[in-house]
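The structure appears right after this line, and notes come after that.
Since the structure is predicted, the reported quantities are computational estimates derived from the model, not experimental observations. Lettering follows sequence order; numbering is per chain, from 1.
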Amino acid sequence: MNIALAQSSARLGDVQANAAWHLDALAEARRAKADLVVFPELSLTGYTLRDLAEEVALDPRSDPLFRKIMSRCRGISAVVGFMEERASEKGIFYNSAAFIHDARIVHIHRKVFLPTNGMFDEARFYAAGRDFRTFAAPFGRAGLLICRDFLHYGANYALYSGGADMIICVSAAPGRGVAGGQAFETSRMWELMGEAMSYFSTAFVIYVNRVGIEDGVTFAGGSFIYGPGGRLLARAAYLDPELLVQRVDLSAVREARRKWVFKRDEKPEVILRSLERIVRAPED
Amino acid sequence: MPPKINPSFVEKLLVRFIREELTKCGCAKGLLGLSGGLDSAVCASLAARALGPKNVLALIMPYGRSFPEDVRDAEKLARALRIRSETIDIAPQVNAYFSGYPTSSRVLRGNKMARERMSILYDRSAREKAFVLGTSNKTELLIGYGTIHGDMACAINPMGDLYKTQVRELAAHLGIPAAIRGKPPTAGLWAGQTDEGEIGLPYAELDAILFGLVDLKRSRKEMIAAGHAPRRVDRVMRLIRDSEFKRRMPPIAKLSARSVGHDHLYPYDWGK
């Protein structure tokens, strides 16, 4: 299959403009024979929303712009980031990403780990999601993570245990540290996690980060695809926008799992029992 | 409309604010530009109560002989409040610049004047070891009706959370003379300029729209349903959006793990 990483910038707080760009990118990816197009975190709104969140929040089941994007996903899949406010949960805002296929929402993930430290302020404005759940994508089981979720390895483990052949992380990760080479030092952190998670979960890891600058903060780009077993298959430019289309061979999951039997020998029930004990008796 | 304030309680709060914030910085002296208009009159009156009249310096800074009534009203108010005051004509320094770089733009000239006044205030601030008191109200701050690094520059701002209509209530309570309270508000950048003329709607409605949008978080739709003309609501929303840069420190390009303004976050009153 062909995976398109829509590494790009967004216009902050302008859903209309960003929706138009989504439609263009979908069309371009379709021309490049992509089966899946992954947009970054909050791709429909931009990242640094703060008080803007409530003005750009939408219900994906009724919002006309969102439905228009969905309608352009016939025969193709897309992951779109947005600020979610359901009619059934008025006044509660989630940093969400939807997996769309054939003009239908297959799955919505709400960011669980909201960065609220240093330069980050998300939990002040958004509610946290409460689940990591895999879903049936046309190409196999997949799971979604949003930015900081990915850096909590338990989140990856939950998707791995849930049978994911592909972990898709959408991100708006600001770069920090300029003492390295031609990339922010923090880009290494994401790549390290991508490599490790793809290696030990013998699954594909798709990471799509945005670029551009918001209020002085530069998003680092450097989106990537790791194949099962920790093989770097593609990496997009640091800092610059790019629509990277990469062919991947889905049989690599089977191959990796024959070679490395981590998945076969995994014991989630033991992990669960241990975790239950830890959670119930933190003083033990 | 913004709610009516309890002016004696607000007076008490703002007097404490001025006194405590300046005392913490180790010098309970303040100075401000006194224009002869409402906002600076209210600020001067609060400062005189907070710091004692002797510790307040009012600089009256006309451009040449323009607005003589304002100068008279300002001087009269300073006398009534028994604060120190000086009148400084800014024409020589403004003219010195524009003789080299002439312009017919009233806005350019007006902004330059506002920044010359700022530069005088900050020079005197250092000489007198006194802090510059800001006089921008909430209405102006929200729509960006002020000159960045000009009249918006200050060490502390006691009035920034009061709408213009609320400043009027406070002014009446503080006994600001009717001559000042009755004037049409103006930035005083050129003759005949009035805030309401320039902004394009009266303060009463402007404050009502701002209060709805900002304090009550009403949507555009709700504001229109409440009887405000769509054109006016849109205008106010645009003014708010386009002036955010005046209310913030400029963005610093983040490079490191700990950057000024991004994640090096200490309180203003650190250690005070």
Side-chain angles (χ1 to χ4, degrees), chain A residues 11-17 46-58 85 90-93 115-122 124-125 148 151 172-190 210-221 238-239, chain B residues 2 138-139 141-144 148-149 160-161 163 209-226 228 230 232-268 270:
Chain A
R11 189 179 291 193
L12 191 54
D14 190 341
V15 179
Q16 192 129 22
Y47 178 73
T48 318
L49 293 171
R50 304 170 70 95
D51 272 349
L52 267 179
E54 53 193 80
E55 293 179 32
V56 298
L58 57 88
E85 182 187 16
K90 285 199 176 71
I92 312 286
F93 307 99
T116 305
N117 64 301
M119 60 181 293
F120 300 104
D121 226 1
E122 290 189 36
R124 247 182 96 193
F125 301 95
R148 180 70 67 84
L151 302 180
R176 283 153 285 159
V178 290
Q182 286 302 304
F184 279 109
E185 288 167 53
T186 44
S187 290
R188 174 71 191 127
M189 173 176 76
W190 297 92
R210 57 164 293 180
V211 293
I213 299 174
E214 287 177 0
D215 283 20
V217 169
T218 301
F219 298 97
Y238 296 115
L239 308 184
Chain B
K138 188 171 186 173
T139 309
L141 288 176
L142 282 171
I143 62 169
I148 187 169
H149 309 310
D161 205 17
Y163 286 107
I209 295 174
L210 286 171
F211 182 72
L213 289 172
V214 175
D215 293 71
L216 302 179
K217 290 190 166 188
R218 296 259 191 269
S219 67
R220 173 182 186 273
K221 218 194 249 173
E222 289 169 320
M223 293 309 295
I224 292 165
H228 297 287
R232 292 185 164 189
V233 176
D234 288 339
R235 173 154 172 73
V236 174
M237 289 176 77
R238 200 168 45 249
L239 287 170
I240 296 174
R241 198 188 63 195
D242 293 349
S243 60
E244 186 58 27
F245 73 98
K246 295 188 179 183
R247 294 183 288 272
R248 299 275 302 271
M249 291 291 280
I252 290 173
K254 184 170 177 57
L255 301 176
S256 72
R258 198 106 194 272
S259 325
V260 172
H262 291 283
D263 35 29
H264 180 264
L265 304 171
Y266 289 96
Y268 197 87
W270 187 0

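- Interface remark: A:F184 contributes side-chain atoms only to the contact with chain B (heavy atom separation under 4.5 Å).
- Applying a 4.5 Å heavy-atom cutoff, none of the residues of residues 236-243 of chain B approach chain A.
- Only the side chain of B:R248 comes within less than 4.5 Å of a heavy atom in chain A; its backbone stays farther off.
- The neighbour count for A:R11 CZ, taken as heavy atoms of other residues, nucleotides or ligands under 6.0 Å away, does not exceed 12.
- When the side-chain contact (heavy atoms from CB on, under 4.5 Å) test is applied to B:D161, the partners found at least two apart in sequence or on another chain are B:K138.
- Distance check: B:K254 NZ to A:I213 CD1 gives 13.5 Å after rounding to the nearest 0.5 Å.
- Note that CG of B:D263 is 11.0 Å distant from CG of A:D121, once rounded to the nearest 0.5 Å.
- Contact annotation for A:E54: only side-chain heavy atoms (C-beta onward) come within less than 4.5 Å of a heavy atom of chain B.
- Contact detail for A:G216 and B:P251: the closest heavy-atom pair is N-CB, 3.7 Å.
- Contact annotation: the side chain of A:V217 approaches that of B:H262 to within less than 4.5 Å [non-hydrogen atoms, C-beta and beyond].
- Rounding to the nearest 0.5 Å gives a distance of 13.5 Å between CG of A:D215 and CE of B:M249.
- Looking at B:I252, the atoms closer than 4.5 Å to chain A (heavy atoms on both sides) all sit in the backbone: N, CA, C or O.
- Taken from CE in A:M119 to OG in B:S259, the straight-line distance is 7.5 Å, to the nearest 0.5 Å.
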